[in-house]
Amino acid sequence: MKTLILYTLKNISSPGSRQIQLWHFILELLQKEEYQGVIAWQGDYGEFVIKDPDEVARLWGIRKCKPHMNYDKLSRALRYYYNKRILHKTKGKRFTYKFNFSKVVLVNYPLLDMASSPFLLAQNHFNGEVFSFFIFV
DNA sequence: GGCGGAACCG
DNA sequence: CGGTTCCGCC
C-alpha cells in the first residue's frame, strides 16, 4: 500500500523555537502558489523541481541572514539529507529532488501512529512548532 | 550539474 | 547538530 503524506508547518516566533531548517523552508515555498515559478511539485509524489536555483538560494540566504548563499552551497546542504533519508536525488532530472515523507514524519514526529485511519489530519505542537499532517493512504 | 570530503561555525 | 564555505573530482 502506497502512502502519500502532504506535510505543512508553521513556525511560532516564540522564545525557545529553533532556527528554520532547510527542508522546512523548501516545504514552505512548495506550499505557496506564488513561488510556483521558482520551485514546484513535479513528477512523482514528493518530487519537486527547483526551477530557479538562484532565486531559491537568494530566498534561503535572506531567511538565514547569509547574503552569500548560492545554489552550490544550498545543494550541498540538500546532499547532507541523503544519508538522513529526508531527501534523495531524482537521477537524470535536473534540479529535481524527492522527499521521503514517511521518514520525514517518523523522524520529526515519532508519536504519530502510521497504522491509523486511511485519512488523517492532525495538528500538534512539537518543539515549539505547529505541525499539520495530511495523510492519504 | 552533481557528488562528497574536510574544515569551520553558532 | 545543521548547516556554511570551499573545493577537487567526474
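We use all heavy atoms of the structure for the numbers below, so side chains are in, but hydrogens, waters and symmetry mates are not. Proteins come first, then strands; the chains are lettered A, B, ... in the order of their sequence lines, and each starts at number 1.
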K.L.:
Figure out the CD/P separation between A/Gln21 and C/dC1, and round it to whole Å.
P.N.:
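Rounded to whole Å, this separation is 13 Å.
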
K.L.:
Check the phosphate of C/dG2 against A/Gln19, side-chain N and O only, distance under 4.0 Å to OP1 or OP2. Yes or no?
P.N.:
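For C/dG2, neither OP1 nor OP2 has a side-chain N or O of A/Gln19 closer than 4.0 Å.
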
K.L.:
Starting at the 5' end of nucleotides 4-10 of chain C, put B wherever the base has a protein heavy atom under 4.0 Å, S where only the sugar-phosphate does, and a dash everywhere else.
P.N.:
BBBB---

K.L.:
Which atom names give the shortest non-hydrogen contact between A/Lys89 and A/Lys93, and what distance separates them?
P.N.:
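Between these two residues, the closest heavy atoms are NZ-O, 2.8 Å.
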
K.L.:
If every non-hydrogen atom of A/Asn70 is compared with every non-hydrogen atom of A/Ala57, which pair is closest and at what distance?
P.N.:
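Where A/Asn70 meets A/Ala57 most closely, the heavy atoms are C-CB, 3.4 Å.
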
K.L.:
Round to the nearest Å and state the distance from A/Leu78 atom CG to B/dG1 atom P.
P.N.:
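Those two atoms, CG and P, are 14 Å apart.
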
K.L.:
May I have the distance from A/Ile50 (atom CD1) to B/dG2 (atom P), rounded to whole angstrom?
P.N.:
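So the two atoms are 9 Å apart, to the nearest Å.
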
K.L.:
Would you compute the distance between atom CH2 of A/Trp60 and atom CD1 of A/Ile20 and round it to the nearest 0.5 angstrom?
P.N.:
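Rounded to the nearest 0.5 Å, the CH2-CD1 separation comes to 6.5 Å.
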
K.L.:
Determine the minimum heavy-atom distance between A/Gln36 and A/Lys51, stating which atoms define it.
P.N.:
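In this case the closest contact between A/Gln36 and A/Lys51 is O-NZ, 2.9 Å.
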
K.L.:
Residues in side-chain hydrogen bond (donor to acceptor under 3.5 Å, both in side chains) with A/Tyr80, at least two apart?
P.N.:
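For A/Tyr80, the residues satisfying side-chain hydrogen bond (donor to acceptor under 3.5 Å, both in side chains) (neighbours in sequence not counted) are A/Arg76.
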
K.L.:
I need the CG-C1' distance between A/Leu87 and C/dG2, as an integer number of Å.
P.N.:
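That distance rounds to 14 Å.
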
K.L.:
So A/Phe25, base contact, sugar-phosphate only, or nothing? Heavy-atom distance under 4.0 Å.
P.N.:
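Nothing, no nucleic acid heavy atom in range.
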
K.L.:
If you look at every strand shown and take non-hydrogen atoms under 4.0 Å, does A/Lys89 touch a base, only sugar-phosphate, or nothing?
P.N.:
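Contact class for A/Lys89: sugar-phosphate only.
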
K.L.:
Who are the side-chain hydrogen bond (donor to acceptor under 3.5 Å, both in side chains) partners of A/Tyr97, not counting sequence neighbours?
P.N.:
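A/Tyr97 satisfies side-chain hydrogen bond (donor to acceptor under 3.5 Å, both in side chains) with A/Tyr71 only.
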
K.L.:
Measure the distance from OH on A/Tyr82 to P on C/dG2 and round it to the nearest whole Å.
P.N.:
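Rounding to the nearest Å, OH of A/Tyr82 and P of C/dG2 are 18 Å apart.
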
K.L.:
Can you tell me how far C1' of C/dC1 sits from CD1 of A/Ile86, to the nearest Å?
P.N.:
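Those two atoms, CD1 and C1', are 12 Å apart.
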
K.L.:
Does atom CD (A/Glu34) have a neighbourhood of more than 12 heavy atoms from anything else shown, all under 6.0 Å?
P.N.:
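Result for CD/A/Glu34: enclosed.
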
K.L.:
Taking for each residue the nucleotide of DNA chain B bearing the nearest heavy atom, is the 5' side occupied by A/Asn83 or by A/Tyr97?
P.N.:
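The residue whose closest nucleotide sits nearer the 5' end is A/Tyr97.
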
K.L.:
Starting at atom CZ of A/Arg94, determine the distance to atom C1' of B/dG2, rounded to an integer number of angstrom.
P.N.:
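Result: 11 Å.
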
